[in-house]
Amino acid sequence: MAKTKKSENVPNTMQEKFHAIVGITDDFAKQCLNDEYAQLIRFATAALCRKRPSPLASGKEKTWACGITHAIGMVNFLFDSSQKPHVSAKEIYDWFGVSSSTGQSKSKQVRDILGTRQMDPNWCLPSKLDKNPMAWMISVDGFILDARSVRREIQEEAYARGFIPYIPADSNPENIDEEQTSPDQNKPVNSSPDTLYVLDVFLIDGPITERFIAKNPVISRTIEIKGSNTLEDLHKIIFKAFDRKDEHMYEFQVGGCGPQDPNARRYGLKQAFSSSDFTEAPTGEVSSTPIASLGLSIDDAFGYWFDFGDDWWHQINVTNIADKAPSGKYPKITERVGASPPQYPDFD
């Protein structure tokens with residue numbers, strides 16, 4: 001996906017409207033968000049001003065200010081209480097003095113016009129890009145790969161074409177939130193069977209029709225799983241989360257930068273150890289590999305490959321690790337984004 005160029009340049013006829021709206025959003029960002037959000041909201045407002053005709057030409061400034069703020073917040077999971085900063089949708093509506101129905105309607109209008117979605121790399125906060133898998137997915141010889149796992153010359157070409165935000169080896173630490181790069185945050189966790197892992201599973205490639213992708217640009221599932229559960233248990237809950245019906249071969253790729261990283265450790269089914277389809281035996285067998293034994297850390301990403309014929313590729317991000325899981329049955333699905341694609345789509 002090519003990056004959207006951002007600026008605060010607006011036509012002369014829209015200057016007054018632009019400054020009126022961002023005056024309101026800047027005040028909100030100063031009180032409730034941060035400078036990074038304020039700038040991104042300004043860019044979004046300017047982009048709407050440049051539309052011909054501009055939707056901002058009519059309507060109240062505070063209503064548009066609310067809708068634009070809400071839309072950018074949705075992209076960056078502002079309403080998730082685990083995020084910093086965090087503001088609920090109701091708090092946004094109340095601050096701007098608009099009803100929830102009006103705020104939601106304006107936000108949808110903004111999102112439709114700008115073509116945004118959750119985790120949209122074009123409208124993601126710069127400090128969140130490192131953790132956003134959608135910002136790094138590129139196609140190489142028909143395979144969807146994480147750009148951070150490929151050769152530098154490929155990264156340079158992807159960057160030159162605007163497909164990735166920067167060359168990973170040349171990233172500027174000043175552009176990354178200090179809290180996200182604190183020394184303790186990415187240390188491997190000393191896991192126990194009672195440790196709770198929160199995983200975001202993104203479907204990044206597979207036999208999906210263009211029509212389905214247009215309706216579901218992001219397809220992900222959030223799963224909670226204990227350290228005592230195995231990779232086989234993780235497969236089963238992902239299988240259920242994506243509403244699949246027929247079992248196939250699969251493997252997990254752990255310890256690299258994401259799916260298809262040749263440096264990752266591979267964990268597969270027992271029959272994969274003797275299969276002639278594999279030039280190298282997997283590191284371990286899924287039914288005997290507990291999650292706690294993988295040495296996972298917050299922000300790690302690993303791959304899951306399902307059905308070696310149709311090739312459904314997933315990236316799994318470790319978003320949180322807690323010392324002890326609350327009582328209950330695990331693993332479990334806690335959130336779904338996007339519909340589940342048919343396991344055998346009809347391309348006719």
Side-chain angles (χ1 to χ4, degrees), residues 1 70-83 86 88-90 104 107-108 111-112 115-121 123-124 128 131-135 137 144 196-226 229 231-248 250 252 258-259 291 296 298-307 310-322 325-326 328-345:
M1 175 185 291
H70 185 279
I72 296 300
M74 283 195 69
V75 173
N76 293 282
F77 297 93
L78 177 63
F79 314 140
D80 181 348
S81 59
S82 68
Q83 301 296 307
H86 155 67
S88 70
K90 183 179 184 303
Q104 290 171 14
S107 173
K108 185 178 187 308
R111 286 179 278 127
D112 288 346
T116 67
R117 61 189 187 278
Q118 284 188 316
M119 302 190 76
D120 188 336
W123 296 103
C124 179
K128 292 182 178 290
K131 301 168 85 173
N132 186 343
M134 308 306 293
M137 294 298 108
I144 302 297
L196 176 69
Y197 296 82
V198 182
L199 310 176
D200 282 346
V201 184
F202 291 87
L203 180 59
I204 61 174
D205 196 20
I208 313 175
T209 64
E210 292 294 331
R211 189 174 186 179
F212 190 90
I213 293 173
K215 292 183 178 179
N216 303 273
V218 176
I219 305 171
S220 69
R221 306 290 183 261
T222 300
I223 289 169
E224 293 184 358
I225 191 167
K226 290 179 66 174
N229 291 125
L231 283 173
E232 182 178 38
D233 296 327
L234 179 55
H235 156 72
K236 288 179 179 179
I237 197 67
I238 295 174
F239 188 92
K240 179 180 179 181
F242 287 98
D243 303 304
R244 289 167 181 158
K245 303 191 182 301
D246 295 332
E247 284 282 1
H248 289 279
Y250 64 90
F252 290 91
I291 303 298
L296 296 175
I298 295 174
D299 295 343
D300 278 355
F302 60 100
Y304 167 64
W305 179 19
F306 173 72
D307 189 343
D310 282 337
D311 298 324
W312 294 94
W313 285 98
H314 312 70
Q315 177 161 313
I316 303 175
N317 293 349
V318 183
T319 61
N320 195 23
I321 302 176
K329 185 177 180 181
Y330 295 93
K332 61 183 178 181
I333 307 158
T334 60
E335 185 177 2
R336 297 172 182 260
V337 177
S340 296
Q343 188 168 351
Y344 307 109

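For reference, positions follow the sequence shown, starting with 1.
Between Leu234 and Leu199, the shortest heavy-atom contact is CD1-CD1, 3.9 Å. Residues Ala339 and Asn216 approach most closely at N-OD1, 2.9 Å, considering heavy atoms. Scanning both residues, Tyr304 and Arg244, for their nearest heavy atoms gives CE2-NH1, 4.2 Å. The two atoms that bring Ser340 and Ala241 nearest to each other are OG-O, 3.6 Å, heavy atoms only. Between Ile298 and Thr319, the shortest heavy-atom contact is CG2-O, 3.9 Å. Annotation for Pro345 and Thr209: closest pair CB-CG2, 4.3 Å, computed over non-hydrogen atoms.
A distance of 5.5 Å separates CG of Leu296 from CZ of Phe302, quoted to the nearest 0.5 Å. Residue Lys236 holds its NZ atom at 10.5 Å from CG of Asn229, rounded to the nearest 0.5 Å. Note that CD of Glu224 and NZ of Lys329 are 15.0 Å apart. Values are rounded to the nearest 0.5 Å. The structure places CD1 of Ile72 at 6.5 Å from OG1 of Thr116, a figure rounded to the nearest 0.5 Å.
Using a 4.5 Å heavy-atom cutoff, the side chains of Phe252 and Ile316 are in contact. Residues Asp205 and Asp311 are not in side-chain contact: their nearest non-hydrogen atoms beyond the backbone lie 4.5 Å or more apart.
For Gln104, the side chain to side chain contact (heavy atoms under 4.5 Å, CB included) criterion is met by Tyr93, Ser100, not counting sequence neighbours. Glu232 meets the side-chain hydrogen bond (donor to acceptor under 3.5 Å, both in side chains) test with no other residue; sequence neighbours excluded. Under the side-chain hydrogen bond (donor to acceptor under 3.5 Å, both in side chains) criterion, Asn320 pairs with no residue, sequence neighbours left out. His248 meets the side-chain hydrogen bond (donor to acceptor under 3.5 Å, both in side chains) test with Tyr344; sequence neighbours excluded. Here Ala322 pairs with Leu196 under the side chain to side chain contact (heavy atoms under 4.5 Å, CB included) rule; sequence neighbours left out. Remark: Phe79 engages His70 in a ring-ring contact (aromatic ring centres under 6.0 Å, His included) (not counting sequence neighbours). With sequence neighbours excluded, no residue satisfies ring-ring contact (aromatic ring centres under 6.0 Å, His included) with Tyr330. Considering only residues two or more places apart in sequence or on other chains, Lys108 meets the side chain to side chain contact (heavy atoms under 4.5 Å, CB included) condition with Arg111, Asp112. By the salt bridge (charged side-chain N to carboxylate O under 4.0 Å, His left out) test, Lys240 pairs with no residue at all, sequence neighbours left out. For Asp307, there are no side-chain hydrogen bond (donor to acceptor under 3.5 Å, both in side chains) partners two or more places apart in sequence or in a different chain. Residues passing the salt bridge (charged side-chain N to carboxylate O under 4.0 Å, His left out) test with Asp243 are Arg336, sequence neighbours excluded.
Side chain of Asn76 to main chain of Trp123: a donor-acceptor pair is present (N/O by atom type, distance under 3.5 Å, no hydrogens or angles). Judged by distance alone, the side chain of Arg221 and the main-chain N or O of Asp200 form no donor-acceptor pair under 3.5 Å. Without hydrogens or angle criteria, Thr222 side chain to Thr334 main chain gives no donor-acceptor distance under 3.5 Å. Side chain of Gln343 to backbone of Lys245: a donor-acceptor contact under 3.5 angstrom is found.
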**Prompt:** So Val318 and Val198, side chain to side chain contact (heavy atoms under 4.5 Å, CB included) or not? Walk me through it.
**Reply:** CA-CA 6 Å; Val318 183; Val198 182; over 6 Å; no
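Among the candidates Phe242, Phe202, Phe306, the single residue satisfying the ring-ring contact (aromatic ring centres under 6.0 Å, His included) test with His314 is Phe242.
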